[in-house]
**Q** 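For reference, the structure I am asking about is given below.
Since the model is a prediction, treat every value here as computed from it, not as a measurement.
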2 protein chains.
Amino acid sequence: MDATEALGARFETWQQFEFDESRCAVRGLLDRIGDRWSMLLLCALAAGPRRFSALARLVPDISKRMLTQTLRILEADGLVHREVRPTVPPSVTYSLTPLGRSFTVPLLGLIDWAEAHFAQVVEARERRAAAA
Amino acid sequence: MDATEALGARFETWQQFEFDESRCAVRGLLDRIGDRWSMLLLCALAAGPRRFSALARLVPDISKRMLTQTLRILEADGLVHREVRPTVPPSVTYSLTPLGRSFTVPLLGLIDWAEAHFAQVVEARERRAAAA
DNA sequence: CTGAATCCGATAAGATACTG
DNA sequence: CAGTATCTTATCGGATTCAG
């Protein structure tokens, strides 16, 4: 059974649960990390703990608002650890939890696919644009 | 080198490209399939070709508008094939392309992780909610 | 049956200014 | 340094209606 068949079989079990949020993991997962920044921040933290301002520099076009919000969600989901040292000025360091590190395995798989096949996706789009 | 280190190293190469959209595959990928429906539809099509109305039934809470729009994007990206048979009434069948099937491999990895660890994520959220 | 077109509300997300 | 608060704009996505 290849991955496509396995995925198809998986989908059919979800139907039996009627995609109940608490049991349908895809929905629950994508609602949380399917946004523009979550995966990128997890990638940034994979290289090691980073402070707030360091993350802001690493991901150039994220606003402070979105950075804070996304980190809060990742922290609430148990993927990221937030450590505050009560110095003056304050120093806050973010790092991956063991759960967050376990997530880097499938995340790396996704990114490997993207880097290997993204050219094909772009080509498909261009071919379609040319046809229109 | 484990996945976390590999991912961290990967991230650092993206910085050198300044996350240029055309070369940063994550951005390009997530902009397309990071929405609410794309991955779910790819899962639904993994079990085999499906007609438009069949997909609408398989994914109960998607509107026709979003179904059409999402399928069009997946088609434009070369992940899904759209076949129209000029009967009356018209019959349109969607199926995964070879590129789409290759994507089911990392997608299955992501879903495996979600099903294995989603309980931990939920628990983390509840613990946080209880603390607040 | 398979869409296209339009309208509209909800949410996401950027910019800016301010705080301990 | 590490946020918060507020405002505003942009986009998402649902409901409805119409068409080939």
**Q** Compare the minimum distances between each of D:dG3, D:dA2, C:dG3 and the side chain of A:R51, then state the nucleotide with the smallest one.
**A** D:dA2
**Q** Please report, rounded to the nearest Å, how far the C1' atom of C:dA4 is from the CZ atom of B:R82.
**A** 12 Å
**Q** Mind calculating the distance between CG (A:L67) and C1' (C:dA12) to the nearest angstrom?
**A** 16 Å
**Q** Return the value, rounded to whole Å, for the distance between atom CH2 of A:W37 and atom P of C:dT11.
**A** 22 Å
**Q** Look at the side chain of B:V92 and decide which nucleotide, out of C:dA13, C:dG3, D:dG20, has an atom nearest to it.
**A** C:dG3
**Q** Examine D:dA2: is either OP1 or OP2 under 4.0 Å from a nitrogen or oxygen in the side chain of A:R57? Give yes or no.
**A** no
**Q** In whole Å, I'd like the distance from the NZ atom of A:K64 to the C1' atom of C:dA17.
**A** 9 Å
**Q** What nucleotide, of D:dT4, D:dG14, D:dC1, holds the atom closest to the side chain of A:R72?
**A** D:dT4
**Q** Please say which of A:R125, A:Q120, A:R127 ends up in a side chain to side chain donor-acceptor pair (under 3.5 Å) with A:E123.
**A** A:R127
**Q** Between A:Q69 (CD) and D:dT6 (P), how many Å, whole number?
**A** 15 Å
**Q** Among D:dG13, C:dC1, C:dG3, which nucleotide has an atom closest to any side-chain atom of B:T68?
**A** C:dG3
**Q** Counting only side-chain N and O atoms of B:S91, is one of them less than 4.0 Å from OP1 or OP2 of C:dT2?
**A** no
**Q** Any side-chain N or O of A:Y94 below 4.0 angstrom from OP1/OP2 of D:dC1?
**A** no
**Q** Reckon A:R50 has a side-chain N or O less than 4.0 Å from the OP1 or OP2 of D:dA2?
**A** no
**Q** Strictly below 4.0 Å, N to O, side chains only: are B:D35 and A:R36 in salt-bridge contact?
**A** no
**Q** Measure the distance from CE on A:M66 to P on D:dG3 and round it to the nearest whole Å.
**A** 14 Å
**Q** Do A:D61 and B:R27 sit within salt-bridge range, that is, some charged N less than 4.0 Å from a carboxylate O?
**A** yes
**Q** Taking only Lys NZ, Arg NE, NH1 and NH2, and the carboxylate oxygens of Asp or Glu, determine whether B:D112 and A:R10 approach each other closer than 4.0 Å.
**A** yes
**Q** Look at the rings of B:Y94 and B:F52 and say which category their plane angle falls in: under 30° parallel, 30 to 60° tilted, over 60° perpendicular.
**A** tilted
**Q** Can you check whether B:S63 has a side-chain N or O nearer than 4.0 Å to OP1 or OP2 of D:dG13?
**A** no
**Q** Would you mind reading off the distance between A:R65 atom CZ and D:dA5 atom P, rounded to a whole angstrom?
**A** 11 Å
**Q** Just how far, in rounded Å, is P of C:dG20 from CZ of A:R85?
**A** 23 Å
